[in-house]
Amino acid sequence: MLTPLKGKSEGKLAKQICKVVLDHFENQYSKELGDAWTTVREILTSPSCWQYAVLLNRFNYPFELEKDLHLKGYHTLSQGSFPNYPKSMKCYLSRTPGRIPSERHQVGNLKKYYLLNAASLLPVLALELRDGEKVLDLCAAPGGKSVALLQCACPGYLHCNEYDSLRFRWLRQTLESFIPQPLINVIKVSELDGRKMGDAQPEMFDKVLVDAPCSNDRSWLFSSDSQKASCRISQGRNLPLLQIELLRSAIKALRPGGTLVYSTCTLSKAENQDVIGEILSSHSNMVPADIKGIARTCSRDFTFAPTGQECGLLVIPGKGKAWGPMYVAKLKKSWSTGKW
């Protein structure tokens, strides 16, 4: 059953909530989030409350747009929240709902900005990319985090991988829309099964980002087919296994001393804390990196739910801070050999 949203439609048809998915969320997240679920539910089921951040493209900088955003009351993501915040990355947030129009893809012309959920920048910032480093974006489509990484630094080598063929084409187009040719030459785009990357390129990378396939709560809630949604709920129980396999591959691809960041856009504990817990218990060469300080210093822009982990953060949608869901965990690879 599909439940029409209240309020004005977006475009010709109003978005409709899939009751099967909402009931599933209600059962799971009311237990996992407690009282916070009431507000989260209200935001997730009300697209008119959603906010969009504007990431400016340093390779075709929109000075006039930046002035306009200032006049409209937008503010930059808290740069003081990160000790090594890259000065080259500018992202503007609004405290009110709404979005500016997206730019169309035009061959040969670089886009000036990328619209995104501001919480999706947290995994990129947690990675702390430096000029010259080799970095792997293991599940890279649609490409927003790869674009954001290149706003932060100029890596010596960036490998963007996406296994799904449709999303792979989307990834290529995103990179072509934002990145100039000289930098494109240091980027490799591949369509490999991420679970095999570690064997193909062992200990190759200084930094690895695993923005894993997940339940994707925002989009899933508006599934147009209730029967398919029911099937997806059943199949979703296999997601943690896939996420663990991707992380094991990423660990193999990471050099000793390197940094791994794991992220999802779901609230699910089974896909977030439990996955990282399994990795830490089965890989003695992976150690948690404390990122609790981000939650303390980013509270102006984001609402965080407790995770019980020093290495993990969970952004939940809140009133006036309708960002997330976004889970971020940061691990370091030690020089000792782990068990499998």
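Excluded from the calculations below are hydrogen atoms, water molecules and symmetry mates; all remaining heavy atoms, backbone and side chain alike, are included.
- Note that CE of Met89 and CG of Leu149 are 9.5 Å apart. Values are rounded to the nearest 0.5 Å.
- Within the 3.5 Å criterion, the main-chain N or O of Asp164 finds a donor-acceptor partner in the side chain of Glu162.
- Listed here is the closest heavy atom pair of Ile17 and Phe222: CG1-CE2, 3.7 Å.
- For the pair Glu245 and Arg195, the salt-bridge criterion is met [side-chain N within less than 4.0 Å of a carboxylate O].
- In this structure, the side chains of Val208 and Met197 stay at 4.5 Å or more apart for every pair of heavy atoms.
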Please evaluate residues Thr264 and Asn272 with respect to the criterion side chain to side chain donor-acceptor pair (under 3.5 Å), reporting the C-alpha separation (whole Å), side-chain torsions for both, the decisive distance (0.1 Å), and the verdict.
CA-CA 7 Å; Thr264 73; Asn272 295 337; 2.6 Å; yes
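- Between His24 and Trp220, the distance from one ring center to the other falls under 6.0 angstrom.
- The minimum heavy-atom distance linking Pro62 with Asn57 is given by the pair CD-O, 4.2 Å.
- For Thr266 (side chain) and Ser268 (main-chain N/O), a donor-acceptor pair under 3.5 Å exists by modelled atom type.
- Other residues, nucleotides and ligands contribute at most 12 non-hydrogen atoms within 6.0 Å of the NZ atom of Lys134.
- No donor-acceptor pair closer than 3.5 Å links the side chain of Asp211 to the backbone N or O of Cys139.
- Using modelled atom types, one side-chain atom of Glu103 and one backbone atom of Tyr113 make a donor-acceptor pair closer than 3.5 Å.
- Of the possible polar contacts, one joining the Asn117 side chain to the Gly324 backbone as a donor-acceptor pair under 3.5 Å is found.
- Rounding to the nearest 0.5 Å gives a distance of 4.5 Å between NZ of Lys321 and OG1 of Thr303.
- Contact annotation: the side chain of Leu116 never approaches that of Tyr52 to less than 4.5 Å [non-hydrogen atoms, C-beta and beyond].
- In this structure, Arg99 forms no cation-pi arrangement with Trp50, as its terminal cationic atom is not both closer than 6.0 Å to the ring centre and no more than 45° off the ring axis.
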Under the criterion side chain to side chain donor-acceptor pair (under 3.5 Å), I'd like the reasoning laid out for Asn285 against Ser334: C-alpha separation, chi angles, the key distance, then a yes or no.
CA-CA 5 Å; Asn285 61 339; Ser334 67; 5.7 Å; no
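- Between Arg255 and Lys333 the shortest heavy-atom distance is O-CD, 3.7 Å.
- The pair Lys67-Glu64 counts as a salt bridge, with a side-chain nitrogen and a carboxylate oxygen less than 4.0 angstrom apart.
- Side-chain contact between Leu93 and Asp301 is present, with at least one heavy-atom pair separated by less than 4.5 Å.
- We find that Arg167 and Glu191 are not joined by a salt bridge, their nearest charged nitrogen and carboxylate oxygen being 4.0 Å or further apart.
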May I have the step-by-step check of side chain to side chain contact (heavy atoms under 4.5 Å, CB included) for Cys91 and Leu56, ending in yes or no?
CA-CA 6 Å; Cys91 183; Leu56 304 188; over 6 Å; no
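- The aromatic rings of Phe304 and Phe302 sit perpendicular to each other, their planes meeting at more than 60°, with 30° as the lower class boundary.
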I would like to know whether Tyr74 and Ile100 meet side chain to side chain contact (heavy atoms under 4.5 Å, CB included); could you show each step before the answer?
CA-CA 12 Å; Tyr74 280 70; Ile100 64 175; 4.1 Å; yes
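- Atom CG of Leu247 and atom CD1 of Ile279 lie 4.5 Å apart (nearest 0.5 Å).
- Aromatic rings from Tyr114 and Phe178 are positioned such that their centres are separated by under 6.0 Å.
- Nearest heavy-atom pair, Gly318 versus Ile43, reported as atom, atom and distance to 0.1 Å: O-CD1, 4.0 Å.
- Between Glu66 and the choices Lys72, Lys112, Lys90, the salt bridge (Lys or Arg N to Asp or Glu O under 4.0 Å) rule is met once, by Lys90.
- Side-chain atoms of Gln51 come within 3.5 Å of backbone N or O of Ser94 as a donor-acceptor pair.
- Contact annotation: the side chain of Ile316 never approaches that of Trp37 to less than 4.5 Å [non-hydrogen atoms, C-beta and beyond].
- With rounding to the nearest 0.5 Å, the separation of NZ in Lys207 from CG in Leu158 is 12.5 Å.
- In this structure a side-chain-to-backbone donor-acceptor pair under 3.5 Å is present from Asp217 to Leu267.
- Aromatic ring pairs are classed by plane angle as parallel below 30°, tilted from 30° to 60° and perpendicular above 60°; the pair Tyr157 and Phe205 is parallel.
- Salt-bridge formation is not detected for the pair Asp137/Lys145: no Lys NZ or Arg NE/NH1/NH2 atom is positioned less than 4.0 Å from an Asp or Glu carboxylate oxygen.
- Between Pro317 and Arg218, the closest heavy-atom pair is CG-NH2, 4.4 Å.
- Leu65 and Phe63 fall within the same hydrophobic cluster, defined by Ile, Leu, Val, Met, Phe, Trp and Tyr side-chain heavy atoms under 4.5 Å apart, directly or through other members.
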Any chance you could lay out the side chain to side chain contact (heavy atoms under 4.5 Å, CB included) test for Leu331 and Leu280, step after step, and finish with the verdict?
CA-CA 9 Å; Leu331 307 177; Leu280 288 172; 3.8 Å; yes
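- With contacts defined as side-chain heavy-atom distances shorter than 4.5 Å, the pair Met326/Leu314 does not qualify.
- At distances below 3.5 Å, not a single donor-acceptor pair connects side-chain atoms of Gln16 with backbone N or O atoms of Ser224.
- Using a 4.5 Å cut-off on side-chain heavy atoms (C-beta onward), Pro240 and Asp274 make no contact.
- Residues Lys330 and Glu128 are paired through a salt bridge, judged by an N-O separation under 4.0 Å between the basic side chain and the carboxylate.
- Residues Lys196 and Asp193 have side chains in contact (heavy-atom distance under 4.5 Å, counting atoms from C-beta outward).
- In terms of modelled atom types and a separation under 3.5 Å, the side chain of Glu133 and the main chain of Arg130 share a donor-acceptor contact.
- Between Phe25 and Tyr29, the two ring planes are tilted [angle within 30° to 60°].
- Residues Ser215 and Glu271 bring a donor and an acceptor atom of their side chains to less than 3.5 Å of each other.
- When atom types are taken as modelled, the side chain of Arg58 and the backbone of Leu150 share a donor-acceptor pair closer than 3.5 angstrom.
- Legend: residues meeting side-chain contact (heavy atoms from CB on, under 4.5 Å) with Ala153, ordered by chain and number and at least two apart, are Leu129, Asp131.
- The shortest distance between side-chain heavy atoms of His159 and Ser190 falls below 4.5 Å.
- Here OG of Ser230 is found 11.0 Å from CD of Gln235. Values are rounded to the nearest 0.5 Å.
- The structure places CG of Asp68 at 11.5 Å from OH of Tyr92, a figure rounded to the nearest 0.5 Å.
- Using a 4.0 Å cut-off between charged nitrogen and carboxylate oxygen, Glu203 and Lys252 do not count as a salt-bridge pair.
- In this structure, Thr174 and Pro142 approach most closely via the heavy-atom pair OG1-O, 2.7 Å.
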Pair Tyr262, Val275 - check side chain to side chain contact (heavy atoms under 4.5 Å, CB included), show working.
CA-CA 10 Å; Tyr262 172 73; Val275 165; 4.0 Å; yes
